[in-house]
Amino acid sequence: MARAYAELFSPRPFDLTTFPNDEDYDELVLARGIPLRSVCEHHLLPFVGTAHVGYLPGQRILGLSKLARVVEYFACRPQVQERLTKQVADWLETHLEPKGVGVVIEAEHTCMTLRGVQATGSRTLTSTLLGAPRTDARSRSEFLALTELRS
Ligand SMILES: Nc1nc2c(ncn2[C@@H]2O[C@H](COP(=O)(O)OP(=O)(O)OP(=O)(O)O)[C@@H](O)[C@H]2O)c(=O)[nH]1
C-alpha cells in the first residue's frame, strides 16, 4: 500500500521547454482530453478524468507535451479539484507569460461515487480562465467551443 501511494504521489520530473513564437502565432493552443488521475485529500481515494489545457501565446510557445506534464505534476499529490485546476493555470501564466490561459477539468471522484453519497456516474467540472479568455467573451467562447463545452 505504501508503495502504491508513493507511486501516486511521485510526478515525473520534467524540463520546461519553450520556443520563440517566431511566426507570431496568436490563436489558441489547446491540448484536449489529457488523462488525469489524482487522489482526494479528504479520503485518499482516487479521482480520475480528463483535463483540457490551453493558452494564447505571447512571445514564446510551450512544448506541447509540457501541457500534459504540468497536469501530472500537480495531480500527483493529495488534491482538491478546484486547487488543481487553478495551480495548472497559474503555473502556465507564471512560466510562459501568455496572453491567456484556460484549464477545464472533468473528473469522477470515487469518494462520492463508490462510497458516501454513492452518486454513481456523477462527474465534476471545474475551470480557471486567465487573461483574454476571462475578460473577452469571444475568446472565452472560442476556448469553450474547442474544449467542446458550451459557453
Ligand atoms: N509547441 C509545439 N511543441 C511541439 C510540437 N511538436 C512537438 N512539440 C514539443 O516539443 C517539445 C520538445 O521538448 P524537449 O523537452 O526538448 O523534448 P522531450 O525531452 O522529448 O520532452 P517530452 O516530450 O516532454 O518527453 C516537447 O514538449 C514536444 O511535445 C509542435 O508542433 N508545437
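Remark: Arg138 engages Asp136 in a side chain to side chain contact (heavy atoms under 4.5 Å, CB included) (not counting sequence neighbours). Under the side chain to side chain contact (heavy atoms under 4.5 Å, CB included) criterion, His95 pairs with Leu16, Trp91, sequence neighbours left out. Under the salt bridge (charged side-chain N to carboxylate O under 4.0 Å, His left out) criterion, Glu41 pairs with Arg83, not counting sequence neighbours. The salt bridge (charged side-chain N to carboxylate O under 4.0 Å, His left out) test applied to Arg12 returns Glu72, not counting sequence neighbours. By the side chain to side chain contact (heavy atoms under 4.5 Å, CB included) test, Arg134 is found to be paired with Leu129, residues two or more places apart in sequence or in another chain being considered. In terms of the side chain to side chain contact (heavy atoms under 4.5 Å, CB included) criterion, residue partners of Leu44 (sequence neighbours excluded) are, by chain and number, Tyr5, Phe9, Val39, Pro78.
One finds the OG1 atom of Thr120 at 9.5 Å from the CE atom of Met112 (value rounded to the nearest 0.5 Å). Taken to the nearest 0.5 Å, the CZ atom of Arg3 stands 13.0 Å off from the CG atom of Leu8. Atom-to-atom distance recorded for Lys66:NZ and Phe14:CZ is 7.5 Å, nearest 0.5 angstrom. His52 contributes atom NE2, which lies 10.0 Å from atom CG of Leu144 (distance to the nearest 0.5 angstrom). Distance check: Thr94 OG1 to Gln87 CD gives 11.5 Å after rounding to the nearest 0.5 Å. From Leu84, atom CG reaches atom CG of Leu36 across 6.0 Å, with rounding to the nearest 0.5 Å.
Both Leu96 and Phe74 belong to a common hydrophobic cluster when Ile, Leu, Val, Met, Phe, Trp and Tyr are linked at side-chain heavy-atom distances under 4.5 angstrom. There is no path of hydrophobic side-chain contacts, each under 4.5 Å, that joins Val117 to Leu125. Cluster membership for Leu146 and Val29, using ILVMFWY side-chain heavy atoms within less than 4.5 angstrom, is not shared. Hydrophobic clustering keeps Phe143 apart from Val88 (ILVMFWY residues linked when any side-chain heavy atoms are closer than 4.5 Å, directly or through intermediates). Cluster annotation: Leu30 and Leu64 are assigned to distinct hydrophobic clusters (Ile/Leu/Val/Met/Phe/Trp/Tyr, side-chain heavy-atom contacts under 4.5 Å, transitive).
Here the shortest heavy-atom pairing between Leu67 and Ala31 reads CD1-CB, 3.9 Å. What you find for Cys111 and Cys40 is that their closest heavy atoms are SG-SG, 3.9 Å.
Note on residues 73-82: no pairs pass salt bridge (charged side-chain N to carboxylate O under 4.0 Å, His left out), not counting sequence neighbours. Sorted by first and then second residue, the side-chain hydrogen bond (donor to acceptor under 3.5 Å, both in side chains) pairs involving residues 21-39 (not counting sequence neighbours) are Arg32-Glu148.
With a 4.5 Å cut-off between side-chain heavy atoms of Ile, Leu, Val, Met, Phe, Trp and Tyr, the cluster of Val80 takes in none. Under a 4.5 Å side-chain heavy-atom cut-off, the cluster of Ile, Leu, Val, Met, Phe, Trp and Tyr residues that includes Leu114 has no other member.
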Counting only pairs under 3.5 Å, give me each side-chain donor-acceptor contact of residues 97-109, with atom names and distances, residues two or more places apart or in other chains.
unit_1	atom_1	unit_2	atom_2	d
Glu106	OE2	Arg123	NE	3.2
Glu108	OE2	Thr113	OG1	3.0
His109	NE2	Gln81	OE1	2.7

Residues 53-63, side-chain donor-acceptor partners within the protein, below 3.5 Å, at least two apart:
unit_1	atom_1	unit_2	atom_2	d
Tyr55	OH	Leu62	N	2.8
Arg60	NE	Thr18	OG1	2.7
Arg60	NH2	Thr18	O	3.3
Arg60	NH2	Thr18	OG1	3.3

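In the displayed structure, Gln118 atom CD is contacted under 6.0 Å by more than 12 heavy atoms of other residues, nucleotides or ligands.
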